[in-house]
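Scroll down for the structure; my scribbles are underneath it.
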Number of protein chains: 2
Amino acid sequence: MQEIMPGIEPEKRDRILNAAIEEFATFPYEKASTNHIVAKAGISKGLLFHYFGSKQELYEQLVGFVIEKMYRSIMDRIDWNESDLFERLKQIALIKMEVQQAYPHLFDFLLKVISNQHLAKAAEMIEFYKGYGLDFAQVSQDIYTRNVDYGKFRDPATTREAVNIVRWSLEKYGEELLAQMSSDTPLDLAQAAVSMNHYMDILKQSFYKPSLEQEGHAV
Amino acid sequence: MQEIMPGIEPEKRDRILNAAIEEFATFPYEKASTNHIVAKAGISKGLLFHYFGSKQELYEQLVGFVIEKMYRSIMDRIDWNESDLFERLKQIALIKMEVQQAYPHLFDFLLKVISNQHLAKAAEMIEFYKGYGLDFAQVSQDIYTRNVDYGKFRDPATTREAVNIVRWSLEKYGEELLAQMSSDTPLDLAQAAVSMNHYMDILKQSFYKPSLEQEGHAV
DNA sequence: TCTTTGTTGACCAGAGTGGTCAATTTCAGT
DNA sequence: ACTGAAATTGACCACTCTGGTCAACAAAGA
């Protein structure tokens, strides 16, 4: 749980981290090349091994960094008092996009780590982090249960399906926005929030009970 | 447009094709290894080069095969007389899953080819196939326009968004079903169709005009 | 028996691998 | 200006893996 690469200039640190994250997100552990990483980060081979000692240690520190980053991004920004599920899922989607902007391949990498496509060591580490309260399974359960008002839904019999549809829509929409970006302007999060609100309004009308004054949404 | 690997036993042919497709779907062209392919297919190195001559030619024949396979799967099975958009999108989703069953990584590979993550040669070939009427951009446009009855939608102002939500839901649902399978039973397409119908009914109620007798759905 | 076709795997030169280390540059403290 | 420590370099190493070759063998029909 100690700081990664302490005392280095943050700009260079992020360059190295992003290069490594991208490499490990793109290739399985064995095919990920330290040569590629140093080339992409614009540093010498020696420096990388000066910081991390070995490829394996680099990978492990990276896993730690990514888990903590993702966990803190969620925990620091989610408003657990917000009882509207649509708003909460929108918050998640926006957080995800924000992280993706600073570390474009962080999520891909994290997915690979969690689904155990890399070293068996990764599973150990995830278990280890649970001891510190960083439990993604728990978080993703909390998102749908903690302080959520399911009474707003029109039909209890189809609430489960409605929640899935909302989740799928937000995920796919986020993916498509991120895919569009790349060479474009670096992604307007405010704009994304607006159009997500638009979709959420449509879905609320479909799945929530009708009400004379429509639920207001905070931007 | 000639047959791929003519005169070989179909079972061995598919073993080789699937091994190659998986390798090229997993790695970029340069890192895809012919050694891996022959090992996974259970044949000798010499035989692969006896059939294809070189790695590049193997790749190109593979692109051709995959494009034709996907195109024909769609064209042979889609009912262009079906004017209900929901039914049509469901058909697409089911076709996709059916192909995925015979060639599990075909779609990943095709996506990589189309989005030009491999050789520049691939773009050429896609252009070449357009000359024979195999145009994916055209097909994916037809799906949403050719003989579709948009009069069923309740609110013209949000029809575009409704279509997106339906599309996203089907895509995500299909992805989650495929992710679940793997070691499980090899995926029950009939079962998938049933639960997709369930989701489609919910979405029809949300986005279609109310009608006394609900639209029947063909299974 | 001969020819053709399918099939093997040891072998090759070259590229790429993770990792090392002596030599340099950078720079704060005096 | 001098010093010592820290940051940084890249040539180098032993090793693995690469795409591709080819002489040899197996099977089978003529």
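Computed from heavy atoms alone, side chains included, the values below leave out hydrogens, waters and symmetry copies. Quick caveat: nothing in here was measured; it's all calculated off a predicted structure. Protein chains get the first letters and strands the later ones, always in sequence-line order, with residue 1 at the start of each.
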Between C1' of D/dG19 and CZ of B/Phe24, the distance in whole Å: 11 Å
CA sep, side-chain torsions, deciding dist, call: A/Gln56, A/Glu60, side chain to side chain donor-acceptor pair (under 3.5 Å): CA-CA 6 Å; A/Gln56 168 139 1; A/Glu60 289 171 14; 2.8 Å; yes
Pair A/Lys172 + B/Glu175: basic N to acidic O under 4.0 Å: yes
A/Glu98/A/Arg77 ion pair, N-O < 4.0 Å: yes
Side-chain ion pair, A/Arg167 and B/Glu176, N-O less than 4.0 Å: yes
Whole-Å distance separating the NZ atom of B/Lys12 from the P atom of C/dT5: 16 Å
All side-chain hydrogen bond (donor to acceptor under 3.5 Å, both in side chains) counterparts of B/Ser54, not counting sequence neighbours: none
Interatomic distance where CD1 belongs to A/Ile16 and C1' belongs to D/dT9 [whole Å]: 14 Å
Cationic N near anionic O, under 4.0 Å, B/Lys204 to B/Glu87: yes
A/Leu48 CG - D/dA7 P separation (whole Å): 15 Å
Nearest-neighbour nucleotide for the B/Lys55 side chain, D/dG19, C/dG19, D/dT9 considered: D/dG19
Each nucleotide N or O in nucleotides 11-16 of chain C that has a protein N or O under 3.5 Å away: list the pair and distance.
none

Separation of D/dC17 P from B/Phe27 CZ (nearest whole Å): 13 Å
Pairing of A/Arg13 and A/Glu9 as salt bridge, 4.0 angstrom limit: no
A/Asn35 side, atom CG; A/Leu48 side, atom CG - distance, nearest 0.5 Å: 9.5 Å
Qualifying residue, where the test is side-chain contact (heavy atoms from CB on, under 4.5 Å) with B/Phe109 and the options are B/Thr26, B/Ile21, B/Ile114: B/Ile21
Nearest-nucleotide pick for B/Ser54, side chain only, options being D/dT9, C/dT20, D/dG20: D/dG20
B/Phe49 CZ to C/dT5 P, straight-line distance once rounded to whole Å: 22 Å
Spacing between B/His50 atom NE2 and D/dA27 atom P, to the nearest angstrom: 17 Å
Polar-atom pairs under 3.5 Å, protein N or O versus N or O of nucleotides 23-28 of chain C: list them with distances, or write none.
none

N/O (side chain, A/Tyr51) to phosphate O (OP1/OP2, D/dA7) under 4.0 Å: no
